[in-house]
Amino acid sequence: MIIGICSDHAGVDYKARLFAFLKKKGYTVIDYGTDTPESVDYPDFAHQLARAIESGQVETGVALCGTGNGMAITLNHHPSIRAGLAWNKDIGRLIKEHNHANVLVLPARFISYRTALKTLNAWLEARPEGGRHERRVSKIPVSTH
Ligand code: RB5
């Protein structure tokens, strides 16, 4: 699986560590920045990751900023993106099982690196559930209702 990853300055340290972790696990990972702790604007990176998923360059993504909300709000403006904000392993699992999240968003300033790792692993291992969850996810796009 090819995974895209991005962050702003608030998430750059965790991003570098998660990038190395994912590579070690055998994933192909593409890093869409940022690369330094210098202050940047999270939408510039969120849009890059979303476009990479839309174009098929990567299949799925991980995004980090301070609260996670800037990344999640921006990513979810793209119709094919379902970005879920998760701050523990149970929510990491549920955003995949129930919401079919194709991007995991982590609030880097509010969770430990260990929790970020556990959340990422739970999200990676989870599978989207069908039935009522599939029906609900199918109702998310504005054009279908
Ligand atoms: C950056 O200071 C911070 O605003 C950003 O990382 C994020 O929390 C925005 O949603």
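Order of appearance sets the numbers: ligands from 1, and atoms from 1 within every ligand.
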Every pair of nitrogen or oxygen atoms between ligand 1 and the protein that is under 3.5 angstrom apart - can you list them with their distances to 0.1 Å?
from	atom 1	to	atom 2	distance (Å)
ligand 1	2 (O)	Arg109	NH1	3.1
ligand 1	6 (O)	Asp8	OD2	2.5
ligand 1	6 (O)	Gly66	N	2.7
ligand 1	8 (O)	Gly66	N	3.3
ligand 1	8 (O)	Thr67	N	2.9
ligand 1	8 (O)	Thr67	OG1	3.3
ligand 1	10 (O)	Thr67	OG1	3.3
ligand 1	10 (O)	Gly70	N	2.9

Donor-acceptor contacts, no H, no angles, side chain residues 37-53, under 3.5 Å, sequence neighbours left out:
from	atom 1	to	atom 2	distance (Å)
His47	ND1	His78	NE2	2.8

Sub-3.5 Å donor-acceptor pair from the side chain of [X] to the main-chain atoms of [Y], do we have one?
X: Ser7; Y: Ala63; answer: no
X: Arg127; Y: Leu124; answer: yes
X: Trp123; Y: Ile91; answer: no

**Q.** Pair Asn102-Lys96, side-chain donor/acceptor within less than 3.5 Å
**A.** no
Q: Establish, from distance only, whether the side-chain atoms of Glu59 and Tyr27 form a donor-acceptor pair under 3.5 Å.
A: no
